[in-house]
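Heads up, the thing below is written out as C-alpha coordinates.
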Amino acid sequence: MSFQAYLDAVEDKTGHTPSELIVLAQERGFDASTKAGPILEWLKEDYGLGRGHGMAMVHVITKGPQISTKHVGTSGTHSDASDTLWLDGKATNPATSG
(Lines give C-alpha, C1' and ligand atoms only; values in the text may rest on other atoms or scores of the structure.)
Protein backbone atom coordinates (compact mmCIF):
# COMPACT_ATOMS: atom_id res chain seq x y z
CA MET A 1 0.00 0.00 0.00
CA SER A 2 1.36 3.42 -0.91
CA PHE A 3 1.76 6.15 1.68
CA GLN A 4 -1.00 8.11 -0.04
CA ALA A 5 -3.29 5.06 0.04
CA TYR A 6 -2.79 4.86 3.81
CA LEU A 7 -3.88 8.48 4.17
CA ASP A 8 -6.89 7.90 1.89
CA ALA A 9 -7.87 4.94 4.07
CA VAL A 10 -7.49 7.10 7.19
CA GLU A 11 -10.01 9.50 5.66
CA ASP A 12 -12.41 6.60 5.01
CA LYS A 13 -12.01 5.27 8.56
CA THR A 14 -12.25 8.58 10.42
CA GLY A 15 -14.43 10.77 8.22
CA HIS A 16 -11.70 13.44 8.39
CA THR A 17 -9.14 14.45 5.81
CA PRO A 18 -5.52 14.28 6.92
CA SER A 19 -5.49 18.10 7.02
CA GLU A 20 -8.44 18.11 9.40
CA LEU A 21 -6.75 15.53 11.63
CA ILE A 22 -3.59 17.63 11.68
CA VAL A 23 -5.60 20.60 12.96
CA LEU A 24 -7.22 18.39 15.62
CA ALA A 25 -3.78 17.09 16.60
CA GLN A 26 -2.44 20.63 16.91
CA GLU A 27 -5.41 21.54 19.11
CA ARG A 28 -4.30 18.71 21.42
CA GLY A 29 -0.79 20.15 21.52
CA PHE A 30 0.80 17.60 19.17
CA ASP A 31 3.57 18.96 16.94
CA ALA A 32 6.96 18.08 15.46
CA SER A 33 8.37 17.43 18.95
CA THR A 34 5.68 14.90 19.91
CA LYS A 35 6.69 11.23 20.07
CA ALA A 36 4.61 8.70 18.15
CA GLY A 37 3.10 7.00 21.22
CA PRO A 38 0.73 9.74 22.39
CA ILE A 39 -0.45 10.42 18.84
CA LEU A 40 -1.05 6.72 18.15
CA GLU A 41 -2.96 6.38 21.43
CA TRP A 42 -5.21 9.34 20.55
CA LEU A 43 -5.88 8.04 17.03
CA LYS A 44 -6.69 4.57 18.35
CA GLU A 45 -8.94 5.78 21.16
CA ASP A 46 -10.85 8.41 19.20
CA TYR A 47 -10.87 6.89 15.71
CA GLY A 48 -10.02 3.20 16.03
CA LEU A 49 -6.91 3.51 13.85
CA GLY A 50 -4.36 0.73 13.98
CA ARG A 51 -0.62 1.19 14.03
CA GLY A 52 -0.02 1.32 10.26
CA HIS A 53 -2.62 3.98 9.55
CA GLY A 54 -1.68 5.76 12.75
CA MET A 55 1.98 5.92 11.80
CA ALA A 56 1.07 7.47 8.46
CA MET A 57 -0.70 10.21 10.39
CA VAL A 58 2.17 10.52 12.87
CA HIS A 59 4.42 11.31 9.92
CA VAL A 60 2.25 14.11 8.53
CA ILE A 61 1.53 15.52 11.99
CA THR A 62 5.19 15.65 12.95
CA LYS A 63 6.98 16.02 9.62
CA GLY A 64 4.47 17.40 7.12
CA PRO A 65 3.58 16.10 3.65
CA GLN A 66 7.11 15.45 2.29
CA ILE A 67 8.11 11.79 2.04
CA SER A 68 11.19 9.93 0.90
CA THR A 69 11.62 9.47 -2.84
CA LYS A 70 12.50 5.80 -2.26
CA HIS A 71 9.25 4.48 -3.77
CA VAL A 72 8.20 7.44 -5.90
CA GLY A 73 7.62 6.35 -9.47
CA THR A 74 8.34 2.68 -8.79
CA SER A 75 6.01 -0.10 -9.83
CA GLY A 76 5.78 -1.88 -6.47
CA THR A 77 2.92 -1.91 -4.01
CA HIS A 78 4.47 0.93 -2.03
CA SER A 79 4.75 3.21 -5.05
CA ASP A 80 3.68 6.83 -4.68
CA ALA A 81 3.21 9.21 -7.58
CA SER A 82 4.91 12.11 -5.79
CA ASP A 83 7.17 12.87 -2.84
CA THR A 84 4.49 15.25 -1.55
CA LEU A 85 1.38 13.73 0.00
CA TRP A 86 -2.09 15.14 -0.68
CA LEU A 87 -3.69 16.01 2.65
CA ASP A 88 -6.89 17.75 1.60
CA GLY A 89 -9.03 14.72 0.84
CA LYS A 90 -9.33 12.03 -1.80
CA ALA A 91 -12.07 13.80 -3.73
CA THR A 92 -9.92 16.87 -4.38
CA ASN A 93 -6.65 15.13 -5.21
CA PRO A 94 -5.60 16.35 -8.67
CA ALA A 95 -3.49 13.22 -9.18
CA THR A 96 -6.54 10.98 -9.01
CA SER A 97 -9.36 13.17 -10.31
CA GLY A 98 -10.04 12.94 -13.93
Side-chain angles (χ1 to χ4, degrees):
M1 178 181 279
S2 73
F3 206 134
Q4 187 65 56
Y6 267 100
L7 294 181
D8 292 346
V10 166
E11 182 179 352
D12 290 338
K13 291 173 180 282
T14 66
H16 293 287
T17 66
S19 288
E20 292 168 343
L21 287 170
I22 291 168
V23 169
L24 292 170
Q26 290 168 341
E27 289 172 356
R28 289 180 161 266
F30 299 146
D31 60 20
S33 68
T34 307
K35 300 284 187 197
I39 298 172
L40 289 172
E41 185 177 318
W42 164 61
L43 292 170
K44 182 177 182 177
E45 287 178 8
D46 287 13
Y47 301 103
L49 291 185
R51 183 165 180 85
H53 293 96
M55 286 304 292
M57 283 306 306
V58 166
H59 177 88
V60 297
I61 290 166
T62 61
K63 295 180 173 67
Q66 282 302 128
I67 60 171
S68 165
T69 59
K70 179 178 180 181
H71 297 293
V72 173
T74 64
S75 60
T77 58
H78 297 294
S79 177
D80 275 293
S82 170
D83 67 351
T84 304
L85 299 165
W86 185 258
L87 305 179
D88 293 325
K90 298 183 314 181
T92 63
N93 188 337
T96 59
S97 61

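- With sequence neighbours excluded, the residues that form a ring-ring contact (aromatic ring centres under 6.0 Å, His included) with Phe3 are His59.
- Connection of Leu87 to Ile39 is established within a shared hydrophobic cluster, with ILVMFWY side chains joined at heavy-atom distances below 4.5 Å, either directly or through further cluster members.
- The NZ atom of Lys35 sits 13.0 Å away from atom CG of Leu40, with the distance rounded to the nearest 0.5 Å.
- For Thr84, the side-chain hydrogen bond (donor to acceptor under 3.5 Å, both in side chains) partners at least two apart in sequence or on another chain are Gln66.
- Under the rule for a side-chain hydrogen bond (donor to acceptor under 3.5 Å, both in side chains), the partners of Ser33 that lie at least two apart in sequence or sit in another chain are Asp31.
- With no hydrogens or angles considered, a side-chain donor-acceptor pair links Ser19 and Asp88 at under 3.5 Å.
- When atom types are taken as modelled, the side chain of Ser79 and the backbone of Thr74 share a donor-acceptor pair closer than 3.5 angstrom.
- A distance of 3.0 Å separates CG of Asp12 from NZ of Lys90, quoted to the nearest 0.5 Å.
- How far CE of Met57 is from OG1 of Thr62: 10.0 Å, rounded to the nearest 0.5 Å.
- Side-chain contact between Asp46 and Arg28 is present, with heavy atoms from C-beta onward closer than 4.5 Å.
- Connection of Phe30 to Val60 is established within a shared hydrophobic cluster, with ILVMFWY side chains joined at heavy-atom distances below 4.5 Å, either directly or through further cluster members.
- Note on Ile61: it does not cluster hydrophobically with Trp86, by side-chain heavy-atom contacts below 4.5 Å among ILVMFWY residues.
- Residues Ile22 and Trp42 fall within the same hydrophobic cluster, defined by Ile, Leu, Val, Met, Phe, Trp and Tyr side chains chained together at heavy-atom separations under 4.5 Å.
- For Thr69 (side chain) and Val72 (main-chain N/O), no donor-acceptor pair under 3.5 Å exists by modelled atom type.
- For the pair Asn93 and Ala95, the tightest heavy-atom approach, listed with the atom from each and the gap, is OD1-N, 2.8 Å.
- Atom CD of residue Gln4 and atom CG of residue Asp8 lie 5.0 Å apart, to the nearest 0.5 angstrom.
- Both Leu85 and Met55 belong to a common hydrophobic cluster when Ile, Leu, Val, Met, Phe, Trp and Tyr are linked at side-chain heavy-atom distances under 4.5 angstrom.
- The two atoms that bring His53 and Ala9 nearest to each other are NE2-CB, 3.6 Å, heavy atoms only.
- Interatomic distance, Glu27 CD to Leu21 CG, rounded to the nearest 0.5 Å: 11.0 Å.
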